[in-house]
Protein chains: 2
Amino acid sequence: MARTQGSRAEITGPLIREAALRLFARHGYAAVSMRQIAREVGVQAGALYAYTPDKQALLFDLMQSHMARLLDSWRDDPAAPPLARLERFVRFHIADSLDHSDAVFLSYMELRNLTEENYRQISNMRRKYESGLELILRDGQASGAMQVEDSRLSAMALIGMLTAVTNWYRAGGRLDRERIGDVYWGLAKGSVGA
Amino acid sequence: MARTQGSRAEITGPLIREAALRLFARHGYAAVSMRQIAREVGVQAGALYAYTPDKQALLFDLMQSHMARLLDSWRDDPAAPPLARLERFVRFHIADSLDHSDAVFLSYMELRNLTEENYRQISNMRRKYESGLELILRDGQASGAMQVEDSRLSAMALIGMLTAVTNWYRAGGRLDRERIGDVYWGLAKGSVGA
DNA sequence: GTCTATATCGCGATAGAC
DNA sequence: GTCTATCGCGATATAGAC
């Protein structure tokens, strides 16, 4: 704690993002002050503004990069059997949600605190991700491998079910992640009539 | 807007609760000021404190009365066939969530802004409600009417799926509420292997 | 890039008049 | 019960030194 001056740019940027993500997810965007974030990082509040123009931009950046990473991570194989694709989606989504629970939480809890334009952008990315699952359900329905009454509604319902895992999962709890994936896949498989 | 003095106690109390519920749900507890609530109601900020000791108590009161109403509304019939009980639960939960979407949203988004003791109390009420569904699933499994791998986890998953309806449902949208109930019941029924 | 200092504002809550 | 006025504080953001 001796140092009170000097540049540490190479690490401060990531530290700010990590602290902001953790604090925003835990207490909510509006409840967290720039001073709190700065304290976590070990700099003065004014220093944050070398990395972000304002608090809103910091929130948007966290959500935007989360969604971009999510969209980039998910790879569907349209040639595979629909049920196999659905299983991959279910296991992917659960694992990814647990690996990035703070960002997942943030990205749907703080939509209301985005400016209009920022909201539009994040919403579009969300919709794109949801459409990936919807496509699997439509293909499954078309091929006869699934019974799906309404692919859009079912996709929203399934994603809601899977994402909610972050609400109660605690590392080291009763169930390990493998087992959770198994149970959720059982539920999802049944829900599409397979 | 002529009146600037005088008591209107019989209506101000409910108006405060309605305004707070709407604003908290829309913008988040931390983002909403007492002055904003007062403005909506048409009184000065100081007048709010004749109805609530502080902002935290107002939040707790909204969540507490929502959960109490929910617990009181739901009536299970342990003598009925498990599948029929599950269908009633699904349709009840969706209808109730849509009827009280602001309170539903608030009651799981703002848990983190409750004091420790208030949090404990709301959590207990939540758990009680969740246990109601879990019991149905256990009875269904025991009677052979359902295949449920893990009744606790499945109950959490189903509630997550059903509650998420508030995330995308908009009155007057593509689907009416009856139809939504049908689709969700189809998904839920399948997920328990029926 | 980071510091200290500060401008400007709005917050939750209370006091006392009516 | 509601008003006006205010206390004390902490918020975001900026300016200028180093």
Side-chain angles (χ1 to χ4, degrees), chain A residues 1-24 26-63 106 110 112-116 118, chain B residues 1-24 26-63 106 110 112-116 118:
Chain A
M1 271 301 170
R3 185 188 59 85
T4 58
Q5 288 278 338
S7 168
R8 302 180 65 185
E10 66 286 359
I11 62 166
T12 300
L15 285 182
I16 289 171
R17 294 166 51 88
E18 286 160 27
L21 177 59
R22 189 175 55 249
L23 290 172
F24 286 167
R26 191 116 63 207
H27 308 292
Y29 170 75
V32 173
S33 71
M34 296 298 267
R35 283 171 167 87
Q36 271 178 275
I37 298 169
R39 199 181 315 129
E40 287 277 300
V41 175
V43 296
Q44 293 300 313
L48 300 182
Y49 292 87
Y51 296 88
T52 183
D54 53 31
K55 194 182 172 189
Q56 167 74 205
L58 183 52
L59 173 65
F60 175 69
D61 183 53
L62 291 170
M63 293 176 66
L106 194 76
E110 300 297 353
R112 60 192 176 179
N113 281 311
L114 291 172
T115 62
E116 212 169 311
N118 287 345
Chain B
M1 269 304 170
R3 185 188 59 87
T4 59
Q5 288 277 340
S7 170
R8 303 180 64 185
E10 66 286 359
I11 62 166
T12 300
L15 284 181
I16 289 172
R17 293 168 51 89
E18 284 160 28
L21 176 59
R22 187 175 56 250
L23 290 172
F24 287 166
R26 192 116 64 208
H27 307 292
Y29 170 75
V32 173
S33 71
M34 296 298 270
R35 283 169 168 85
Q36 269 179 274
I37 298 170
R39 200 182 314 130
E40 288 277 300
V41 175
V43 297
Q44 293 300 313
L48 300 183
Y49 292 87
Y51 296 88
T52 182
D54 53 32
K55 194 183 173 190
Q56 166 74 206
L58 182 53
L59 174 65
F60 175 70
D61 183 53
L62 290 170
M63 293 175 65
L106 194 74
E110 300 296 354
R112 60 192 177 180
N113 282 311
L114 291 173
T115 62
E116 214 169 310
N118 286 347

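A, B, ... follow the sequence lines: proteins, then strands. Residue 1 opens every chain. Because the structure is predicted, anything quoted here is derived from the model rather than measured.
- If you take CD of A:Gln36 and P of D:dG10, they are 12 Å apart, rounded to a whole angstrom.
- Comparing B:Ile16 and A:Asp54 along DNA chain D, the residue whose closest nucleotide (by nearest heavy atom) sits nearer the 5' end is B:Ile16.
- Straight-line distance from the CZ atom of B:Arg39 to the C1' atom of D:dT2: 18 Å, rounded to whole Å.
- Listed pair A:Ser33 / D:dA11 meets the phosphate criterion, a side-chain N or O lying under 4.0 Å from OP1 or OP2.
- Remark: A:Leu21 CG to A:Leu59 CG distance equals 10.0 Å, nearest 0.5 Å.
- The distance from atom CD of A:Gln56 to atom C1' of D:dA11 is 16 Å, rounded to the nearest whole Å.
- An OP1 or OP2 oxygen of D:dA15 is reached within less than 4.0 angstrom by no side-chain nitrogen or oxygen of A:Tyr49.
- Proximity of A:Thr12 to the phosphate of C:dG1: no side-chain N or O atom is located under 4.0 Å from OP1 or OP2.
- What separates CE of A:Met34 from C1' of C:dC9 is a distance of 17 Å, to the nearest Å.
- For B:Arg35 against C:dG12, a side-chain N or O and a base N or O form a donor-acceptor pair under 3.5 Å.
- Heavy atoms of B:Val32 sit under 4.0 angstrom from primed sugar atoms or phosphate atoms, though from no base atom.
- Of the possible donor and acceptor atoms, none in the side chain of B:Glu40 sits under 3.5 Å from a partner among the backbone N and O of B:Ile16.
- Residue A:Tyr51 contributes atom OH, which lies 18 Å from atom P of D:dA13 at whole-angstrom precision.
- Contact of the B:Arg17 side chain with the B:Tyr51 side chain is not registered, since no non-hydrogen atoms from C-beta on lie closer than 4.5 Å.
- Between the CD1 atom of B:Ile11 and the C1' atom of D:dT2 there is a distance of 13 Å, rounded to whole Å.
- Checking side-chain atoms of B:Glu110 against main-chain N and O of B:Phe60 turns up no donor-acceptor pair under 3.5 Å.
- For B:Gln44, whose side chain is taken as the heavy atoms from C-beta onward, the closest listed nucleotide among D:dG1, D:dC3, C:dG12 is D:dC3.
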